[in-house]
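Since the structure comes first, as structure tokens, the remarks are kept for the end.
By convention in this document, chain letters (A, B, ...) are assigned in the order of the sequence lines, proteins followed by strands, and residues within each chain are numbered from 1.
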Protein chains: 2
Amino acid sequence: MLLAFYKSLVWCYVNSMIDSKNTGKGKGVDGRSPCPVACSLDLLGDKWTLLVVRDLLLGKTTYTGFQRSPEGIPTNILAERLKRLQAAGIIEKSQYQERPVRYAYRLTEKGRDLQPVLLAMIDWGNKHIPGTVPRAEIEAMAQRLSEEK
Amino acid sequence: MLLAFYKSLVWCYVNSMIDSKNTGKGKGVDGRSPCPVACSLDLLGDKWTLLVVRDLLLGKTTYTGFQRSPEGIPTNILAERLKRLQAAGIIEKSQYQERPVRYAYRLTEKGRDLQPVLLAMIDWGNKHIPGTVPRAEIEAMAQRLSEEK
DNA sequence: TCTAGTTACTTTCTTTTTGCAAGTCACTTG
DNA sequence: CAAGTGACTTGCAAAAAGAAAGTAACTAGA
């Protein structure tokens, strides 16, 4: 019972150990807790963000490219997510031509490091959601998309 | 140009190949697309669901236990998420005592299979979000929580 | 040159979801 | 018998999502 109380406090305790408000040093986390899962979800926890990252990992780079994915992301949400991902240092935006101006979005190293998360989701989806495109097919597709420019 | 059009249609093509409306066999996917990432996000893509799964992997089993996590999930959202996870076969609800009635939530195999997703998120968070609790500490905590009952 | 089309968005508006607070109900413990 | 606990439900304001249309800069074709 006391133990139960202790258990419930473990995270809060760790929290107070690490929270920048208490230590005063470093930037620390600014999310709901110092849990890496919670912090990741603060950034990526919605229905669209990781789909954009998926498209980027598949080799897509343009606004319209993301829009054309079969899930049909609403344009205002896409614009907002691209800004957030850029602000978080997960993607970079570069102008690849003038007249007419065109932009390319690319993953940074921080963004590419999300690949294991996506792969784990693909494996889980393949195992537990019938009818999902198998990982091998997705990897082949990424290959095809990256070969041509 | 024609190639670009082809590229944009790849997913739609795969979609039509696999969609149960076209094949007629099996249940198929019911989400936004047959992409395993999109399907996983239809179920898990929000700020709270995977935190509940995290708690379950750490060994928590009760409603109040989830509520006491440092992120402070609102009670109505917790109730709704538990129902969704149960409906999706990711968790099971069991009554572990009468008078007073008390319930325990536990991960099914499908739910435990989400561990690699969480671990990938932990690793990413640890690498890219300063101040997050390291994976080793989380694993030690899970150990401590599971040793006592 | 006029028209239609493309890319990369922004704006507006409606609907849905979230988050907070409070309330409920069955029981237990002092 | 009053206060507390576990497991929720209900009501409501605020935030976010989603649909649709609009904008701006430029191109390519009739």
Taking CD in Glu98(B) as the centre, count heavy atoms belonging to other residues, nucleotides or ligands within less than 6.0 Å. Is the count above 12? no
Can you tell me if the side-chain N/O atoms of Arg102(A) get under 4.0 Å from OP1 or OP2 in dT7(C)? no
Once you round to the nearest 0.5 Å, how far does CG of Leu107(B) lie from CD1 of Ile90(B)? 8.5 Å
So, is Trp48(B) near the phosphate of dT18(C), with a side-chain N or O under 4.0 Å from OP1 or OP2? no
In whole angstrom, what separates Leu82(B)'s CG from dG6(D)'s C1'? 13 Å
Determine, step by step, whether Tyr63(B) and Thr75(B) satisfy the side chain to side chain donor-acceptor pair (under 3.5 Å) criterion, reporting the C-alpha distance in whole Å, the side-chain angles of both residues, the deciding distance to 0.1 Å, and the verdict. CA-CA 9 Å; Tyr63(B) 193 92; Thr75(B) 176; 2.7 Å; yes
Rounded to the nearest angstrom, tell me the gap between atom OH in Tyr63(B) and atom P in dT9(D). 7 Å
N/O (side chain, Arg81(A)) to phosphate O (OP1/OP2, dA17(D)) under 4.0 Å: yes
Tell me: NZ of Lys60(A) to P of dA8(C), nearest whole Å? 13 Å
Tell me the interatomic distance from Ile77(A), atom CD1, to dA20(D), atom C1', rounded to whole angstroms. 13 Å
OP1 or OP2 of dC9(C) sitting under 4.0 Å from any side-chain N/O of Lys93(A)? yes
Once you apply a heavy-atom cut-off of 4.0 Å, does Thr64(A) come out as touching a base, just sugar-phosphate, or nothing? sugar-phosphate
Figure out the OH/P separation between Tyr96(A) and dA8(C), and round it to whole Å. 5 Å
With a 4.0 Å limit, can you tell me whether Lys83(A) has a side-chain N or O closer than that to the phosphate oxygens OP1/OP2 of dT10(C)? yes
Tell me: CD of Gln97(B) to P of dC27(C), nearest whole Å? 11 Å
Considering every strand and a 4.0 Å limit on heavy-atom distances, what is the contact class for Tyr105(B): base, sugar-phosphate, or nothing? sugar-phosphate
Atom CZ of Phe66(B) and atom P of dG6(D) are separated, to the nearest Å, by 14 Å
From CZ (Arg84(B)) to OG1 (Thr49(B)), nearest 0.5 Å: 5.0 Å
If you find the nucleotide of DNA chain C closest to Asn76(A) and the one closest to Glu80(B), which residue's nucleotide is nearer the 5' end? Asn76(A)
Quick check: on DNA chain D, is the nucleotide nearest Lys47(A) upstream (toward 5') of the one nearest Pro100(A), or the reverse? Name the residue that is more 5'. Lys47(A)
Of dC9(C), dG6(D), dA7(D), the nucleotide closest to the side chain of Thr62(B) is dA7(D)
Rounded to the nearest 0.5 angstrom, the CE-CD1 distance for Met141(B) and Ile138(B) is 6.0 Å
How close or far is atom P of dT28(C) from atom CZ of Arg99(B), stated in whole angstroms? 6 Å
